[in-house]
*Asks:* 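Got a structure here, written out as structure tokens. Questions coming.
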Amino acid sequence: MPRTLDAPRSLREAWVALTGLSAVFLFEMLDNSILNVALPTIGRELAASTVALQWVTNVYAVVFGGLMLVLGAVADRFGRRRVMLVGLVLLAAASAATAFVTTAEELILVRAVMGVAAAMTTPGSIALAFRLFTEEGPRIRAITLVSTVGLVGLAVGPTAGGLVLAIAPWQVLLLVNVPIAALAFLGIRAGIPADDPAGLHRTPADVLGGLLGTGTVVVALVAPTLFVDDGPGSWAPWAATAATVVGAALFVLRERSARHPLLDLALVARPLVSSGLAFKAAAGLAIAGLGYLVTLQLQLAWGWSPAMAAVGMLPQVVVLVAGGPFVNGFVERVGVGRAASVSAATVVVGLAVYSLLGDLGYAWVAVSLVLVAAGMRVVGVVAGFSVLDGLPENRTSIGAALVDTASEVTSAIGIAVAGTILAALVTGTITATPWTPAQSGQFADAVTVAGLVLTAVSAVLVGWAILRTSRATSAPAS
């Protein structure tokens, strides 16, 4: 696509827009990590039950994940910039409402509205960063910059949250979203031109497809939580799983038969798009499962305090945050396709190292954390780039929403698979210490089994994606 006169040629020329887009991603990553440290305080002050506290965090993820596809389609029809600006206003209003919350139910409602705002803004941050430029190099650098800022928020969130709680009420942790939303609004309003009608998707909305897609993603996100909380012996998680399968089948049938589908499955089947989604899904599955297993191992099996366990996760945090400057050079040297394949394979190798050797000492745990983080740092950029590069311009937002949805769903599945295997193989209550020698052995075996299962599934996804990538590479020549 030829560069227009108004298109920036470098990140420096687009610094105002990139500041706004980075602020959007900062909100999403910061919100994921900063609130968790305040849950005990929130529970005491609002007299919240364990279930209510769980939904304070879960409702945000469920609403966010469930609405991304629908709101991505809305953005492609009515304007990415317009939808994002409306979402930022909604985010600021919902965050400000935290100051008036007096019950757990009110906080859950606020978090649900924030999930709607996140679904309107977060996928758009990558979509707009991609479309801001017309050449591959600046596009990759822009996506890397935006994701790096978000990862910094993810890394500093727990520490920052703990420091804030020492001097201020917990509401401040959500009120901080107000100035972040304001900064994002100003940067996007001033730095990104109004949507070009020629670049929007004007076909009628597929309402039934939207309802089926949203419902399927919602139950797909709820089912893993039920497996971890209720256990595989309960009927509820299996009912939710069955509902997910049925919903997915009905959604596919609807999209194949609809004259104007919400999600054109022919576009998703394109090699660049399908391989990018598979790479992202494999990475999400691996990193979520690894984080869950390592956290339990450090604190329950090895007896580390929460603070020491946080220190133990630092290798992953350092690589995710500091790896940004190396992404661009690596991608430029080997190309987008090979960078995706190598980085995703590195994630799988890191998970395999932990599964087979993690019980031998922390050094092997640290190695696995570094490998998975290094792979994730690259694949998080190039997988999203591949999906957007493989779609028409008027499908950019729903493409970014697909990437985020794949990551959200597979992350939940990774935790559910690990949690279910632990529950099935370890007798008694896993959080009740001290363990018997039998329980310690069962836990070590369960970690190995869970890690190898996740490794195998991730490896299959990566292998399939590599085949699709090679097909995408050879297609122009053929």
Side-chain angles (χ1 to χ4, degrees), residues 32-33 36-37 39-40 57 154-155 157-159 162 224-225 227-229 231-232 282-320 346-376 410-459:
N32 275 339
S33 60
N36 288 336
V37 299
L39 290 180
T57 55
L154 182 65
T159 302
T225 302
F227 270 109
V228 174
D229 293 344
L285 189 76
I287 200 166
L290 178 68
Y292 179 79
L293 291 172
V294 169
T295 299
L296 292 181
Q297 181 183 29
L298 295 182
Q299 295 189 54
L300 297 181
W302 293 355
W304 292 22
S305 67
M308 282 299 297
V311 173
M313 299 296 289
L314 276 181
Q316 183 182 66
V317 173
V318 170
V319 173
L320 286 174
T346 302
V347 171
V348 175
V349 170
L351 186 56
V353 167
Y354 173 75
S355 305
L356 297 172
L357 304 173
D359 195 43
L360 300 181
Y362 176 73
W364 290 109
V365 174
V367 169
S368 65
L369 290 173
V370 168
L371 287 173
V372 170
M376 182 65 184
T410 53
S411 294
I413 291 173
I415 294 173
V417 168
T420 301
I421 291 174
L422 288 175
L425 298 185
V426 181
T427 58
T429 304
I430 196 172
T431 55
T433 55
W435 290 347
T436 65
Q439 284 178 309
S440 297
Q442 291 168 352
F443 180 83
D445 292 341
V447 167
T448 300
V449 171
L452 289 177
V453 168
L454 293 175
T455 300
V457 176
S458 298

*Asks:* Quick one: pull up OG1 in Thr448 and CG in Leu357 and give me the separation to the nearest 0.5 Å.
*Replies:* 9.5 Å
*Asks:* Could you measure the distance from the CD atom of Gln297 to the CG atom of Leu290? Nearest 0.5 Å is fine.
*Replies:* 9.5 Å
*Asks:* With under 30° as parallel and over 60° as perpendicular, where do the rings of Trp302 and Tyr362 fit, or are they tilted in between?
*Replies:* perpendicular
*Asks:* Could you point out which residue of Val319, Thr346, Ile287 forms a side chain to side chain contact (heavy atoms under 4.5 Å, CB included) with Met376?
*Replies:* Ile287
*Asks:* How long is the gap from OG on Ser355 to CG on Leu293, to the nearest 0.5 Å?
*Replies:* 7.5 Å
*Asks:* Could you tell me which non-hydrogen atom of Val370 sits nearest to which non-hydrogen atom of Pro315, and how far apart they are?
*Replies:* CG2-CB, 3.8 Å
*Asks:* Should we say atom CH2 of Trp364 is surrounded by more than 12 heavy atoms from elsewhere, each under 6.0 Å from it?
*Replies:* no
*Asks:* Return the minimal non-hydrogen interatomic distance between Leu454 and Gly289, and the atom names on each side.
*Replies:* CD1-CA, 3.7 Å
*Asks:* Testing the basics here: between Gly312 and Trp304, what is the closest heavy-atom pair and its distance to 0.1 Å?
*Replies:* CA-CZ3, 4.0 Å
*Asks:* For the pair Ser368 (side chain) and Val365 (backbone), establish whether a donor and an acceptor sit closer than 3.5 Å, ignoring hydrogens and angles.
*Replies:* yes
*Asks:* Please answer whether the main-chain N or O of Thr427 pairs with a side-chain N or O of Gln442 as donor and acceptor at a distance below 3.5 Å.
*Replies:* yes
*Asks:* Looking at every non-hydrogen atom in both residues, tell me the closest pair between Ala418 and Ala450 and how far apart they are.
*Replies:* CA-CB, 4.0 Å
*Asks:* How close do Ala288 and Ser411 get, heavy atom to heavy atom, and via which atoms?
*Replies:* CB-O, 3.4 Å
*Asks:* To the nearest 0.5 Å, what is the distance between CG on Asp445 and CG on Leu422?
*Replies:* 11.0 Å
*Asks:* Please test Val294 against Met313 for side chain to side chain contact (heavy atoms under 4.5 Å, CB included), starting from the C-alpha separation and ending with a verdict.
*Replies:* CA-CA 8 Å; Val294 169; Met313 299 296 289; 3.5 Å; yes
*Asks:* Taking Tyr354 as the fixed residue, which of Val447, Leu452, Asp359 is the one that meets the side chain to side chain contact (heavy atoms under 4.5 Å, CB included) rule?
*Replies:* Val447
*Asks:* What are the two closest non-hydrogen atoms of Val347 and Ala283, and how far apart are they?
*Replies:* CG1-CA, 4.2 Å
